[in-house]
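Only one structure is covered here, and it is reproduced in the block below.
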Amino acid sequence: MQYFETKRMTDHIIRITDRTNVFSYLVIGEERAALIDTGTGFGDISALTAQLTDLPIIVILTHGHCDHAGGAGSFQTVYLNRLDWDLVKESAAISSRVQYVNATTGGRYNVTEKDLIPDRTEGYLPLEDGQIFDLGGITLEAISAAGHTQGIVCILIKEERRIIFGDACNTVTFLWHNESSGIDVYRQNLIRLKGREREYDSVYLCHEIDEVDKHILDDVIGVCGLILDGTDDSADFPLIPLPQVVAAKAQGDDGLPLDGGLGNVIYDKYRVRR
């Protein structure tokens, strides 16, 4: 089975897609490389990255959910924000990953625990807001953007003028989990992130669409304002079969808002402010 597909985004950035259609990004400098997220652990992403570069590789996890941290057990040096250390133990446990892979692939692979990379047993290195990683000619900066989880970060690739928003600000941003922030706090964090927008020209995501216009940030800030004002669509979101979970904007068949915007928020209507 071919577990991964790759796509070269720039001379220094390669997108890696796993069988659940989640994106990781390998950023290659002159002296070392950084893998941003590791997928679900369905397939050995470390073996793939070793084929893509012979430089030493560090891993930077944007957050602790299983579809981003699931393959971390194959790497030695892995950074993750402390606020997600407890979350990752539960979310990225192999039993959770088996359930996630089978659910997102319609069960067509009939995955069991033996098919996945084992759970990470080593600890994580702390990842802080503003932390810099010099790869040699390419510089990364972690920027906190709490909302989807408390420890989630975006990764600014300075010389490339690109930023990985990942799940922090998405076409469909999930804010209904217990670990998510309230809409009010999330909106303030996005406004803080907007203060860095002169430093990048393009945005990378981790699901469905790899590259989007930077104005997605303005869209999601606006959507949060509608939720807080009580003027959003509060539309059904069948993917999450919970009556309290709604989409701020009604969606078309392509998953994008019907009003033509780029960003949307899926939230718990009883937990707008937490």
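The basis for the numbers below is simple: all heavy atoms, side chains too, and nothing from hydrogens, waters or symmetry mates. Residue indices begin at 1 and follow the sequence shown.
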Measure the shortest side-chain to side-chain distance between [X] and [Y] over non-hydrogen atoms and say whether it is less than 4.5 angstrom.
X: I28; Y: I138; value: no
X: R273; Y: L228; value: yes
X: T104; Y: T40; value: no
X: L127; Y: I60; value: yes
X: I163; Y: L193; value: yes
X: Q131; Y: P126; value: no
X: I209; Y: L262; value: no
X: R120; Y: L80; value: no

Query - Distance-only side-chain donor-acceptor flag, H148 / H65, under 3.5 Å - result: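 The criterion, which ignores hydrogens and geometry beyond distance, is satisfied for H65 and H148.
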Query raised in the report: Would Q150 and S181 count as having a side-chain donor-acceptor pair, cut-off 3.5 Å?
Result: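 On atom types as modelled, these side chains qualify, holding a pair under 3.5 Å.
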side-chain hydrogen bond (donor to acceptor under 3.5 Å, both in side chains) involving [X] - partner list, sequence neighbours excluded:
X: N178; answer: R271
X: T112; answer: D115
X: Y186; answer: none
X: S202; answer: E211

Give me the atom names and distance for the closest heavy-atom approach of [X] to [Y].
X: L140; Y: A34; result: CD1-CB, 3.7 Å
X: C206; Y: I164; result: SG-CG2, 4.5 Å
X: V220; Y: C169; result: CG2-SG, 3.6 Å
X: V203; Y: K214; result: CG2-CA, 3.7 Å
X: A69; Y: V88; result: CB-CG2, 3.7 Å
X: Y124; Y: L61; result: CE2-CD1, 3.8 Å

Query raised in the report: Would you find more than 12 non-hydrogen atoms of other residues, nucleotides or ligands less than 6.0 Å from E122 atom CD?
Result: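 Yes, enclosed.
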Report task. Let me see the working for V27 and F133 under side-chain contact (heavy atoms from CB on, under 4.5 Å), right down to the final yes or no. Result -> CA-CA 11 Å; V27 185; F133 298 87; over 6 Å; no
What distance separates [X] [atom1] from [Y] [atom2], expressed to the nearest 0.5 Å?
X: L205; Y: N170; atom1: CG; atom2: CG; answer: 5.0 Å
X: D167; Y: D67; atom1: CG; atom2: CG; answer: 6.0 Å
X: I36; Y: I155; atom1: CD1; atom2: CD1; answer: 5.0 Å
X: R97; Y: I117; atom1: CZ; atom2: CD1; answer: 8.0 Å
X: Y204; Y: I13; atom1: OH; atom2: CD1; answer: 4.0 Å
X: I221; Y: N189; atom1: CD1; atom2: CG; answer: 10.5 Å

Report task. Using the side-chain contact (heavy atoms from CB on, under 4.5 Å) rule, take D129 and I143 through it: C-alpha gap first, then chi angles, then the decisive distance, then the call. Result -> CA-CA 5 Å; D129 181 36; I143 303 173; 4.3 Å; yes
**Report entry** Audit row: I132, T139, side-chain contact (heavy atoms from CB on, under 4.5 Å) steps and yes/no
**Finding:** CA-CA 7 Å; I132 299 294; T139 310; 3.5 Å; yes
Is [Y] reachable from [X] through a run of hydrophobic residues whose side-chain heavy atoms are each under 4.5 Å from the next?
X: M9; Y: F23; result: yes
X: Y270; Y: L175; result: no
X: L87; Y: V78; result: no
X: V59; Y: L125; result: no
X: L48; Y: V101; result: yes

Under the side-chain hydrogen bond (donor to acceptor under 3.5 Å, both in side chains) rule, what pairs show up with a residue in [range], not counting sequence neighbours?
range: residues 225-236; value: D232-Y267
range: residues 245-255; value: K249-D259
range: residues 77-92; value: D84-T149
range: residues 20-34; value: D18-T20

**Report entry** Residue that, paired with L26, satisfies side chain to side chain contact (heavy atoms under 4.5 Å, CB included) out of D37, T53, I45
**Finding:**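 Only one of D37, T53, I45 forms a side chain to side chain contact (heavy atoms under 4.5 Å, CB included) with L26, namely T53.
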Query raised in the report: Between T38 (side chain) and H68 (backbone), is there a donor-acceptor pair under 3.5 Å?
Result: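 Looks like yes, one N/O pair under 3.5 Å.
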Query - Donor-acceptor contact present, side-chain R8 to main-chain D11, <3.5 Å - result: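 Indeed, once roles are kept as given, a pair shorter than 3.5 Å links the two residues.
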Requested in this report: For side-chain contact (heavy atoms from CB on, under 4.5 Å), just list the numbers for V111 and T105, CA-CA rounded to whole Å, side-chain angles, deciding distance to a tenth of an Å, and then say yes or no.
Outcome: CA-CA 10 Å; V111 167; T105 61; 5.8 Å; no
Report task. Each residue besides V185 in its hydrophobic cluster should be listed here, by chain and number; the cluster joins Ile, Leu, Val, Met, Phe, Trp and Tyr at side-chain heavy-atom distances under 4.5 Å. Result ->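 Via sub-4.5 Å side-chain contacts, V185 links to none.
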Query raised in the report: Going by side-chain heavy atoms closer than 4.5 Å, which hydrophobic residues are tied to V245, directly or by a chain of links?
Result: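 Besides V245, the hydrophobic cluster comprises V172, F174, W176, F237, L239, I240, L242, I266, listed by chain and residue number.
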**Report entry** Pairs satisfying salt bridge (charged side-chain N to carboxylate O under 4.0 Å, His left out), at least one member in residues 193-208, at least two apart
**Finding:**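 Sorted pair list: E141-R196, K158-E199, R161-D201, K194-E197, K194-D218, R196-E199.
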Query raised in the report: Does the ring center of Y109 lie less than 6.0 Å from the ring center of F42?
Result: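 Yes: the rings meet the under 6.0 Å criterion.
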**Report entry** By salt bridge (Lys or Arg N to Asp or Glu O under 4.0 Å) - contacts of R19 (at least two apart)
**Finding:**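 If we apply the salt bridge (Lys or Arg N to Asp or Glu O under 4.0 Å) test to R19, skipping adjacent residues, the hits are E5.
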